[in-house]
Amino acid sequence: MADRLTPEETIKLLNLLEATLDAIPDGILALDLDRRIVAYNRQYLRMFDFTADQLRQGGIDWIIQALAPLIEGRDEVLSASAPIWSQPDHDSLDEMRFKDGRVYERIISPNRRGAQVLGLVASFRDISHAKQTEQALEQHRAFLEKAQEVAHIGSWVAEMDGSDRLGWSREAHRIFGLTATEFEGTHEAFFTRVHQSDRDAVRAASDAALEGTRPYDIEHRIVRPDGSVRWVHEKADIVRDDGGAPLRMIGTMQDVTERRLLEDQLRQSQKMEAIGRLAGGIAHDLNNALTAIAGYSELAIGQLAASHPARADVEEIRRGAERAGSVTRQLLAFSRKELLEPRLFDVNQTISALGRLLSRLLGADIEVRTELAPSVPPILGDPGQFEQAVINLAVNARDAMPHGGRLLLSTAVEDLDLVSARANMPMAPGRYIVLRVSDSGHGMTPDTLAHIFEPFFTTKEPGKGTGLGLSMVYGTLKQIGGFIFADSEVGRGTTFRLYFRPAAARQPDSPAAAAAPTEPDSEGRPTVLVVEDEAAVRNLVASTLRKEGYRLLLAGSAEEAIEIAAANPDGIDLLLTDAIMPGKSGLDLAQELVSRSPRLRVIVMSGYTQDTLSGLNDSVELLQKPFAPRELRQRIRVALDQAKENSRLR
Ligand code: ADP
Ligand code: MG
């Protein structure tokens, strides 16, 4: 018969078969229906660490015994594969997991001849490495997902192949409030969830990024299915092919809603603080003027007969001043300002220290230079507020130099004659310390320049400018008793000029020292020491009290008052002092004098309310500005009665 093989041929064929089996990288084991081993290959022995003898002697039962302790979930494996072993009429695939971490894939197939099943062939493949990689990948993915969840940062991939596909990470879904099945996974589906007012901006940003003109970096709002609005910050990179055509966009999105809320709150509170400071500064100045107006009108009324035609008019003036006084009181209460801490400081020193800070604050492309006068006389004010004012000016300068430039801070001492003082209207002639803050920025139109000190005036986009920076500077300058001017032209930069009186020059503003020991010393008359830096108020108080017959000592500053007190040991019954004055404050003065003569009564005059004036003690009371002379007279009388009572009890 032609298809009969000769014994040599059969042996040849068997050898070939054996060689083929051994060449296969999978382990192979074949059984017949009586569970006898009919074939295996070398790889099988190697994979399970068996010897040919062990198989020959032990057969399949020995194999199962030998493997049992090594395999994880053995019982399940056995029971699941039992029907296959016993009736192998279809292919089956499963995994064998070893306790040492190896994983083999096992395929069992029936060995058929025609329709008849003769036995089965099992093949084993080591997939440990693939499994490990898969596991590491899974771990990595879980880690990334957790990190995104913690940071509220989602990620996304947008295909640019025309398929419109957009893939989101789990956190991205969470940010949008959508489940994986609810999001359709397309650009269009994304855009429908972008807040309507932001859609154009997002499209424009993405177009610009694809054209390569601007990186994709945008904050915009999205709307969740429940209607709530969130803010997200998106950034993305574009992957391009060799020709530069975009393949895909890979981006992140961060939920920044909380940060935006905080920023809004901060901006709001900064606004309130700025207005408060401005209001406080203005109210403080205004109070002194109102005290004088109300006081003098009352004095005038006292001299006018009831029938005098001017009397009703002057009464109106007084009522007007009182009404205005209640407004300034409200302003001060609203501003809730702590007392300023005026002290002597050197502008040169402050500016040179600030210059170093500013060059860091403004960034590398702005050159900060200082040019200081050899020496400047000290000025009196709150140095912290002064610094803040200069910082505000510097920040404005930076905003005016988006592409870098130069900021120059220079100081000088200048004597202003009558002519130039008149040109700078509110200023009196005399010596001034001048600080110039110049930038090489874009400058201002005359129209802008006319409004810059107004609260809320800004040319910056919403969210960038508050329009309060210069209002604050203005308020601070008013409190220090300085002046500010701006010179600017479009394209030519801007220079702010700040003028301050030297501290010593402010004292002659008060001719009090000369007038101090005017009253003849006479027995029995109570002595009142009046300390007030504002001449108008001091004179008003003096003319009111003089009529009452008190003996008066007048001082224009706390320092002067201390000298007067030293010259009148035990001779002062009452100290009437302003709270805030250049140099030592009225409160400090009171403390010092009371510690020397404990019987001294003290009345502090101030626009501030009791609770903002900390440090008032029992022997010190507050007279709120503006006040009317009759109130002053009454308060002095009560305080002096009290003093008399005290000395009688002693
Ligand atoms: P903001 O800076 O919040 O706008 P400011 O009160 O600090 O408020 O300034 C008001 C406006 O004055 C600014 O919006 C700007 O138009 C203008 N301005 C201030 N400083 C400068 C400067 N150095 N150069 C050009 N313009 C300035
Ligand atoms: Mg500003």
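We count residues from 1, following the sequence as given. Reckoned from all heavy atoms, side chains included, excluding hydrogens, waters and symmetry mates. One-based numbering, in listed order, for ligands and for the atoms of each.
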Only heavy atoms count here, so choose which of [options] is nearest to [atom].
| atom | options | value |
| --- | --- | --- |
| atom 19 (C) of ligand 1 | N396, T448, D439 | N396 |
| atom 4 (O) of ligand 1 | T458, V437, T495, V473 | T458 |
| atom 25 (C) of ligand 1 | M444, M401, R398 | M444 |

- Query: Does any non-hydrogen side-chain atom of T476 lie less than 4.5 Å from one of N392?
  - Reply: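 Contact flag for N392/T476 side chains = no.
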
- Message: Is it the case that ligand 1 has an N or O less than 3.5 angstrom from some N or O of A400?
- Response: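 N/O-N/O distance under 3.5 Å: no.
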
- Look only at interatomic distance and state if S471 has a nitrogen or oxygen under 3.5 Å from any nitrogen or oxygen of ligand 1.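 By distance alone, the answer is no.
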
- Query: Quick one: salt bridge (charged side-chain N to carboxylate O under 4.0 Å, His left out) partners of E316, sequence neighbours excluded?
  - Reply: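 Counting only residues at least two positions away or on another chain, E316 forms a salt bridge (charged side-chain N to carboxylate O under 4.0 Å, His left out) with R319.
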
- Please check if atom CG in D237 has more than 12 non-hydrogen atoms from other residues, nucleotides or ligands closer than 6.0 Å.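 Open.
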
For ligand 1, which atoms sit closer than 4.0 Å to a heavy atom of [X]?
| X | value |
| --- | --- |
| G467 | 1 (P), 3 (O), 4 (O), 6 (O), 8 (O) |
| T494 | 22 (C), 23 (N), 24 (N), 25 (C) |
| G443 | 25 (C) |

- Item | No-hydrogen, no-angle side-chain donor-acceptor test under 3.5 Å, S155 and Q148 |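 The criterion, which ignores hydrogens and geometry beyond distance, is satisfied for Q148 and S155.
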
- Could you list the residues that satisfy side-chain contact (heavy atoms from CB on, under 4.5 Å) with D487, not counting sequence neighbours?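 For D487, the residues satisfying side-chain contact (heavy atoms from CB on, under 4.5 Å) (neighbours in sequence not counted) are R497.
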
- Item | Ring geometry between H451 and F457 (parallel below 30°, tilted from 30 to 60°, perpendicular above 60°) |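 Ring orientation of F457 relative to H451: tilted.
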
- Query: Any heavy atom of G441 sitting closer than 4.0 Å to ligand 1?
  - Reply: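 No, G441 has no heavy atoms under 4.0 Å from ligand 1.
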
